[in-house]
Number of protein chains: 2
Amino acid sequence: MTLKELSDLLGLSPTTVSRALNGYPEVSEATRKKVAAAAHAHGYAPNTRARALATGRAMAIGHVIPISAKHEMVNPIFADFTAGAGEVYSRNGYDMLMSVVSDDDEEQAYRSFATKRNVDGLIIHAPSLNDQRIPFLNDLGLPYVVHGRSSNATAPYAWVDVNNTRAFQRATELLLDLGHQRIALLNGLEHMDFAARRRAGYEAALASRGVDPDPSLMFSGEMTEAQGHDLTRTLLARPDRPTAILVSSMIMAIGVRRGIEELGLTLGRDVSLITYDDDLSYFRNGSDIPVYTATRSSVREAGRRAAQMLIDIINGKDSPTELLLEAELTLGMSTGPARRG
Amino acid sequence: MTLKELSDLLGLSPTTVSRALNGYPEVSEATRKKVAAAAHAHGYAPNTRARALATGRAMAIGHVIPISAKHEMVNPIFADFTAGAGEVYSRNGYDMLMSVVSDDDEEQAYRSFATKRNVDGLIIHAPSLNDQRIPFLNDLGLPYVVHGRSSNATAPYAWVDVNNTRAFQRATELLLDLGHQRIALLNGLEHMDFAARRRAGYEAALASRGVDPDPSLMFSGEMTEAQGHDLTRTLLARPDRPTAILVSSMIMAIGVRRGIEELGLTLGRDVSLITYDDDLSYFRNGSDIPVYTATRSSVREAGRRAAQMLIDIINGKDSPTELLLEAELTLGMSTGPARRG
DNA sequence: TCACACTACCAAACCGCTTTGGAATTTACG
DNA sequence: CGTAAATTCCAAAGCGGTTTGGTAGTGTGA
């Protein structure tokens, strides 16, 4: 069913039918009703491609999912972020276009979106400290929103981020309040912006209490379960082992827990643990009392906010283009007072 | 840069330029070279929307991500499946269109894809035993491939699936070989096809050894960590507690492990555990020796195969439209001989 | 009654590409 | 050399919508 067929059926011109369906005022209420009814009855919906060509708007947003070439790893938060963004898109009539590329080819993917003109905007994930995509995209002229920030960026850009510094500062302070002095940090890769900020928060808390940071307690790497386990085993084998561990991801925390329990130690009693929790839908942190004490922030909500921000930008609304979400610190069973050595 | 601009620049007609770029024979090698060079130099790529309109092909595949309205849960395997499929799509010039919908609205989402004509095919996830989407999509006339199968479907359909029955049969046999008699099954929701097949495999193995299945050891529900933990606690509190547990998902297995260890028991010694492992990139099962004994199959590879199958169907190749992948059974540290009561 | 402003509709151009149906030029052959 | 067959290119017609620039028809005020 095309517009022309529908208009022939109604004895109207395509112009009028189009206007009726798109809510233009130059059409009487009576015919608008008739048109709407007929469209519904015959299951007519405008062909996206034709409409996009005529309006110059693709009504689609592009997400580039980079895959670490080395580790073939997909960031586990994409699914939930995407779900949040997707809600907003469909509510606003936008499609979501995903492009899965090896992280070497990422720039090419953006360029291709731009020249092929099949999206109206982009969401950028996982920015590094000095992310080259930002100047690149500023040149490209396609609107975009970054999920996260890039500390060293010089030009302005739109972003939605969590206050990673504050979150880790508060978590560290809680551990210090509980009497912990040797606190290990299992962080993400430190060229990533979020990881650098988390470390800054951790160090700030230590500094404010006059505790010297011990570089041998600080790690950064891929946030996998195995990594969490292995690092924990190494850490706890030391004579001067830490009494608390601060972890950048729930998945890694699970590995930490495994390491702790393999040694016959009890989480929350022998070793305290606070983790960052992205509130992933398939990995809720306990049912009633959280298993892990955690700084929590919904990545799904971040997806919703970023999507809305991007749509606003595309539509020329001058709403704020920077949004800092606070993480909440929820007490679970993985923290307790430091035990006297 | 449009085709017309490029052709003006070259002093050629749009026709010739289009043909040169698309590899049609009616153009001399010399001009083809010239055109290709100019296109590259000016960064020209055809406007997807216009091309789609002209050719009648969207060059895009739709994925509908249903979100459980009740639990707001995103299936964690989507990310990896998507990554696999995405690789194949981009290699073949296809885009991937995602639509996130509450599972009540799923049919509407397919219909919308069909009437708006913005995809050439669909991938269907998580089929139930008697999935209504199959007859619905057969009527709709949009090619599709199902990730999984629907046992009660009457009409034929294209699918890529893992041999769930065989996988769970072998896993159960291994436990029986180790002397376990009371084996619990923590399964997914049993209206889902994969869960029903896994149970069938489990029951077949028990039957072949003359072990009576005990319905009180069989559970089905959402495969979350919390669920795994809670069920395990309940099971192990029983006087006639099972000596082994068979679990349908790695994430659930982590909860099972937590439950076991909270009771001061040791995994692989006091209680054996085999899990289904989808080989998720962010949750590799141990580094050298797997933590869990598992029936493993790469959901990423399934994504690749399903995508290729769909593209073949769209292009009218008559390659096979049914693909059954076998899971491998890998030994980890979570299984051991049954201990004498 | 006439000019003027609305209202309700429509014809045709356009978005940027592909493709059909020639037309012009070159090559091949008797 | 003349003609048939290739070769190489192009004009124009779609694809299915939106949008510009009208034109009838109705209502208002002088």
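Below, chain A is the first sequence line, B the second, and so on; all start at residue 1.
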Is the distance from OP1 or OP2 of [N] to the nearest side-chain N or O of [X] less than 4.0 Å?
X	N	answer
S28(B)	dC9(D)	yes
Y24(B)	dC9(D)	no
T16(B)	dC9(D)	no

First and last nucleotide of DNA chain C in contact with chain B, 5' to 3', at under 4.0 Å to a heavy atom: what are they?
-> dG16(C) to dG21(C)
What distance do Y44(A) atom OH and L9(A) atom CG have between them, rounded to the nearest 0.5 Å?
-> 12.5 Å
If you measure from the Lys or Arg side-chain nitrogens to the Asp or Glu carboxylate oxygens, is any gap between [X] and [Y] under 4.0 Å?
X	Y	result
R300(A)	E87(A)	yes
R149(A)	D161(A)	yes
E107(B)	R133(B)	no

Using atom [atom1] of [X] as one end and atom [atom2] of [N] as the other, report the distance to the nearest whole Å.
X	N	atom1	atom2	result
L12(B)	dT7(D)	CG	C1'	15 Å
L3(A)	dG16(D)	CG	P	11 Å
R57(B)	dG16(D)	CZ	P	16 Å
N47(B)	dC15(D)	CG	C1'	13 Å
D120(B)	dC15(D)	CG	P	18 Å
L53(A)	dG14(D)	CG	P	17 Å
E26(B)	dA5(D)	CD	C1'	16 Å

Base, sugar-phosphate, or nothing: which does R19(A) touch, judged by heavy atoms less than 4.0 Å apart?
-> base
Pair D193(B), S150(B): side-chain N/O donor-acceptor within cut-off below 3.5 Å = no
May I ask you to check whether T16(A) and S13(A) show a side-chain donor-acceptor distance below 3.5 Å?
-> yes
N22(B) vs E29(A), nearer the 5' end of DNA chain C by closest nucleotide | E29(A)
Which nucleotide sits closest to the side chain of T15(B): dG16(D), dA12(D), dC9(D)?
-> dA12(D)
Could you check S13(B) against T55(B) and say which one's nearest nucleotide on DNA chain D is further toward the 5' end?
-> S13(B)
Among F78(A), F113(A), Y89(A), which residue meets the ring pair (Phe, Tyr, Trp, His ring centres under 6.0 Å) test with H63(A)?
-> Y89(A)
